[in-house]
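For clarity, every value in this text was computed on a predicted model and none was experimentally measured. Convention: sequence-line order gives letters A, B, ...; per-chain numbering from 1.
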There are 2 protein chains.
Amino acid sequence: MNPLSGKINLDFRSSEPIYLQIAQQIQQLVMKGDLKLGDQLPTVREMATELRINFNTVSRAYRLLDETRLISTQRGRGTYIWEEPDEAMKQKLRQKGLEELALRYLKEAGKLGYTPAEAIETLKQLAQSGQTSLSDEDQQEER
Amino acid sequence: MNPLSGKINLDFRSSEPIYLQIAQQIQQLVMKGDLKLGDQLPTVREMATELRINFNTVSRAYRLLDETRLISTQRGRGTYIWEEPDEAMKQKLRQKGLEELALRYLKEAGKLGYTPAEAIETLKQLAQSGQTSLSDEDQQEER
DNA sequence: CGTATTATTGTATAATTGTATCATTGATTG
DNA sequence: CAATCAATGATACAATTATACAATAATACG
């Protein structure tokens, strides 16, 4: 069994592309310590089969992480955790991830006809009212 | 201890295939005089074990060098330095090596969206500003 | 010695793994 | 509706590894 079997949960209904979902979740697993330096990730084909997607999509996620030097992909050999990000890096990655999420939120809101200002306002109110269950328990897989 | 133990440094993250890295570095060692006519190279398995790669990858590097007559591989016997390149040959090899590096640089820059002109400009500036530590001290091994 | 046996060395071929390129699809935009 | 673009898929490819093999050397034994 590979090290992150069942730990990647995709939401095929999300507008978030699945290659980003994969990349972000792997990033989080590293930051949580579930994946450590030197660990081998599943091959693109393994993971693709498990997630029932094309292996090129996994490859794209891996390439993204390779560019940030979080992992190392080696043709013919496999893919490995390359560096455990230091605090600064973690912060940067978190920031970047957040920004992507934020951008998507605004974009989606825009589709629904809301201005950024409106989207922000709604967000604020939501944050104040329902302060329960906003933490990160494991989510259910969707498809 | 074999004659080039620790003298081959691989970068598994490079897009340069490791069989080429090996071949080029052996070539350089011969040109530098670290390897002389008649010297035996480590067996494919020895070197593979040291570098933590498959011996077929070493074999491929050896085959490459065998084809240029720099070394002689003999099944069941081993691998030996075959001829020390004369000055003309050395010059040619150095030139070829540099061209390969240049090509690679441009290719990588291209992937990042830079035109050759931009890549060249950046290179120029870099060369002017930081003229320190551009020599060839031994590099750190990567994985 | 001579020969059989075993170990050592490089080689050939197929399987595995990531990559590059182009095609398809579905949504967005004008 | 056509054009366009991003995400995903299909296909062919390149690097590396796994496995079985062939040639040579080293050793054992008569």
Hits for side-chain contact (heavy atoms from CB on, under 4.5 Å) against A:Glu46, two or more places apart or cross-chain, chain-then-number order -> A:Asn2, A:Pro42, A:Thr43
Among residues at least two apart in sequence or on other chains, which ones pass side-chain contact (heavy atoms from CB on, under 4.5 Å) with B:Thr49? none
Phosphate OP1/OP2 of C:dT17: any A:Thr79 side-chain N/O under 4.0 Å: no
Apply salt bridge (Lys or Arg N to Asp or Glu O under 4.0 Å) to B:Asp39 and list each qualifying residue two or more places apart in sequence or on a separate chain. none
A:Lys36: partners by salt bridge (Lys or Arg N to Asp or Glu O under 4.0 Å), with sequence neighbours left out: none
Hey, can you pull the donor-acceptor pairs under 3.5 Å for the side chains in residues 53-60 of chain B, sequence neighbours left out?
unit_1	atom_1	unit_2	atom_2	d
B:Asn54	OD1	B:Asn56	N	2.8
B:Asn54	OD1	B:Asn56	ND2	3.0
B:Arg60	NH2	B:Tyr19	OH	3.2

Detail all sub-3.5 Å separations between protein N/O atoms and N/O atoms belonging to nucleotides 22-25 of chain C.
none

Partners of B:Ser72 by side chain to side chain donor-acceptor pair (under 3.5 Å), sequence neighbours excluded? B:Gln74
In whole angstroms, the gap separating P of C:dT19 from CG of A:Asp66 amounts to 7 Å
CD1 of B:Ile71 to CD of B:Glu83: how many Å apart, nearest 0.5 Å? 11.5 Å
Can you measure A:Gln40 atom CD to C:dG18 atom C1' for me and round it to whole angstrom units? 12 Å
Output one letter per nucleotide in nucleotides 12-19 of chain D: B when a protein non-hydrogen atom lies under 4.0 Å from the base, S when only the sugar-phosphate is that close, - when neither is. --BBBBBB
For a quick test of reading the model: is some side-chain N or O of A:Thr73 closer than 4.0 Å to OP1 or OP2 of C:dT19? yes
Among side-chain atoms of B:Glu50 and B:Ser5, is any donor-acceptor pair under 3.5 angstrom? yes
Atom pair distance, as rounded to whole Å: CD1 in A:Ile22 and P in C:dG18: 13 Å
Between D:dA6 atom P and A:Leu64 atom CG, what is the distance in whole Å? 15 Å
Side-chain N,O (A:Ser59) to OP1/OP2 (C:dT19) below 4.0 Å: yes
